[in-house]
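Since the structure comes first, as structure tokens, the remarks are kept for the end.
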Amino acid sequence: MSNKMQSKGKSKKNRKTDEEVIQIIRNLRLIDDVLFEKFMEDAAACEELLQVILENSRLKVKPETLVAQKSLRNLAKRSVRLDAYIEGVEDKVYNIEIQRSDNCNHVKRVRYNASTITINKSEPGDEFEDVQDVIVIYISEFDMFGAGKTVYHVENVIRETGNPVNDGLMSVYVNTEVAEDSLISELMQCFLKTDFEDDKFPNISRRMKELKHGEEDEKMCKSVEEYAERKAKEAAQKAAQKAAQKATEEAVKKAMAEKKKTVEKLNDMGMDISLIASALDVDEETIKQWLEK
């Protein structure tokens, strides 16, 4: 930790807290969200990462377009948070995602991200020819497709001929689980290390050193705390949404139970099923099923 932070004269309790945060940082790896977020704020490191994964040493990005944790909204105003967003000099958009947990439909998540990016980058009157290419890099801690490969390139193909169709979307799935004899695999193994320095990845190694041992460590401390607060808020929001959903479901069940009781009473009074259905806004088949039980 820098001398500046150590010299702030905090209480013993706070110093211990700082030390604990520093230890957390020391144990973080690039596959961990909080470290990856800060790592991707460096355009040169981001560019080098893309060059290795896409196997294109000439690939260049526009540093001014780089945004870590970029939020976008689609037409339905549903937001999506991208781990890293950057544009290339060849009019391409790159989205880099990190994923440790196998807890969703990742392929559809990639499609969703790509479509949201496309909508946000389009202007009224744009020709389809002018729609930018979108390349999604999806880095996971597990072999998503289970075929024993470090990298998978997914593209649209014509089923009858096997020929690829260039629709402007490329998705590349990379994982740290499978170790192969390739430069991409070597980079992915670095993602599992708490510290590294590799001449094959000079900018990535430099950025890692800055975050772990340089002037960036103070920012990392703040990032760890902000990350913890954000995750706590997200967990609280999810809990509230589940509680609200459960309450709604219970209310619907209660309302249906009341309708069923009313149906039974009206039926006992001799009212025709069609009239009951019309009065209670319930279809006749449902009423028949209720009365049969």
Side-chain angles (χ1 to χ4, degrees), residues 27-57 59 61 66-72 80-88 92-114 116-117 133-155 169-196 198 200-208 211-212 223 227 231:
N27 292 331
L28 286 174
R29 308 161 302 163
L30 272 181
I31 198 68
D32 296 313
D33 291 344
V34 61
L35 183 61
F36 189 75
E37 286 179 15
K38 295 301 294 182
F39 173 84
M40 291 308 298
E41 291 178 1
D42 186 281
C46 179
E47 182 177 85
E48 188 171 81
L49 179 65
L50 290 171
Q51 288 174 343
V52 174
I53 293 176
L54 297 177
E55 299 179 288
N56 180 4
S57 60
L59 186 153
V61 300
L66 174 60
V67 181
Q69 292 297 302
K70 183 179 180 69
S71 292
L72 297 176
V80 60
R81 184 188 291 269
L82 308 178
D83 288 341
Y85 170 99
I86 193 167
E87 297 178 24
K92 294 180 179 180
V93 177
Y94 301 96
N95 166 218
I96 307 174
E97 296 293 316
I98 201 83
Q99 184 68 30
R100 292 191 58 194
S101 302
D102 191 4
N103 58 0
C104 69
N105 189 318
H106 305 285
V107 175
K108 287 191 175 181
R109 179 183 174 187
V110 167
R111 191 189 75 178
Y112 184 85
N113 284 5
T116 304
I117 291 170
D133 288 354
V134 177
I135 301 175
V136 181
I137 310 294
Y138 206 83
I139 303 172
S140 66
E141 200 171 18
F142 49 91
D143 181 2
M144 189 179 304
F145 300 106
K149 304 291 183 181
T150 300
V151 58
Y152 300 91
H153 297 82
V154 178
E155 59 187 8
L169 171 62
M170 176 190 292
S171 49
V172 183
Y173 299 83
V174 196
N175 69 81
T176 62
E177 181 179 345
V178 180
E180 297 177 327
D181 184 19
S182 69
L183 189 64
I184 298 176
S185 183
E186 286 185 44
L187 176 58
M188 287 300 100
Q189 293 310 301
C190 288
F191 269 64
L192 298 177
K193 299 176 182 178
T194 58
D195 212 347
F196 64 85
D198 193 320
K200 295 178 183 177
F201 317 116
N203 284 315
I204 294 173
S205 296
R206 169 190 55 75
R207 181 60 176 163
M208 190 71 169
L211 295 173
K212 290 279 189 170
S223 294
Y227 179 83
K231 288 299 180 182

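In this structure, F145 and Y173 have perpendicular ring planes: the angle between them is above 60°, well past the 30° mark. Taking the six-membered ring where tryptophan is involved, the planes of F191 and F39 are perpendicular, since the angle between them exceeds 60° and thus also 30°.
Annotation: side chain of C46 is in contact with side chain of L66 (closest heavy-atom distance under 4.5 Å). Between F201 and E186 there is a side-chain heavy-atom pair separated by less than 4.5 Å. You'll find the side chain of S205 stays beyond 4.5 Å of the side chain of R207, heavy atoms only. Looking only at side-chain heavy atoms (C-beta outward), M208 and K193 stay at 4.5 Å or farther from each other. Looking at heavy atoms from C-beta onward, L54 lies in side-chain contact with M170 at the 4.5 angstrom threshold. Contact of the D83 side chain with the I96 side chain is not registered, since no non-hydrogen atoms from C-beta on lie closer than 4.5 Å. With contacts defined as side-chain heavy-atom distances shorter than 4.5 Å, the pair N203/E47 does not qualify. Counting heavy atoms from C-beta on, the side chains of Y138 and M144 come closer than 4.5 Å.
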Exercise for the section: Could you go through the side-chain contact (heavy atoms from CB on, under 4.5 Å) check for L30 and I204 one step at a time? Expected result: CA-CA 10 Å; L30 272 181; I204 294 173; 4.3 Å; yes
Practice task
List the steps, then state whether side-chain contact (heavy atoms from CB on, under 4.5 Å) holds for K92 with L59.
Solution key: CA-CA 10 Å; K92 294 180 179 180; L59 186 153; over 6 Å; no
Problem - Residue pair I86, L50: steps toward the side-chain contact (heavy atoms from CB on, under 4.5 Å) verdict - result: CA-CA 10 Å; I86 193 167; L50 290 171; 4.0 Å; yes
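Rounding to the nearest 0.5 Å gives a distance of 8.0 Å between CD1 of I98 and OG1 of T176. With values rounded to the nearest 0.5 angstrom, I139 atom CD1 is found 4.5 Å from F36 atom CZ. Note that CG of N27 and CG of L35 are 11.5 Å apart. Values are rounded to the nearest 0.5 Å. Note that CG of L28 and CG of D195 are 11.5 Å apart. Values are rounded to the nearest 0.5 Å. Note that CZ of R111 and OG1 of T116 are 10.5 Å apart. Values are rounded to the nearest 0.5 Å. Atom CG of L82 is separated from atom CE of M40 by 11.5 Å, given to the nearest 0.5 angstrom.
Contact record, A179 with S185: CA-OG, 3.4 Å, taken as the closest heavy-atom pair. The two atoms that bring P202 and E48 nearest to each other are CD-OE2, 3.1 Å, heavy atoms only. Taking every heavy atom of both residues into account, L187 and L49 meet most closely at CD2-CD1, 3.5 Å. Of all the heavy atoms in V136 and L169, the pair that sits closest is CG2-CD1, 4.4 Å. Of all non-hydrogen atoms in L183 and K200, the two that sit nearest each other are CD1-CD, 3.8 Å. Of all heavy-atom pairs spanning S101 and H106, the tightest one is O-CE1, 3.4 Å.
The backbone N or O of A84 lies less than 3.5 Å from a partner atom in the side chain of N95, making a donor-acceptor pair.
For residues 141-152, the pairs satisfying side chain to side chain donor-acceptor pair (under 3.5 Å) are R29-E141, R100-E141, D143-Y152, T150-E180, with sequence neighbours left out.
Residues meeting the salt bridge (charged side-chain N to carboxylate O under 4.0 Å, His left out) test with E177, sequence neighbours left out: none.
Sparse packing is recorded around CG of D181, with 12 or fewer heavy atoms of other residues, nucleotides or ligands lying under 6.0 Å away.
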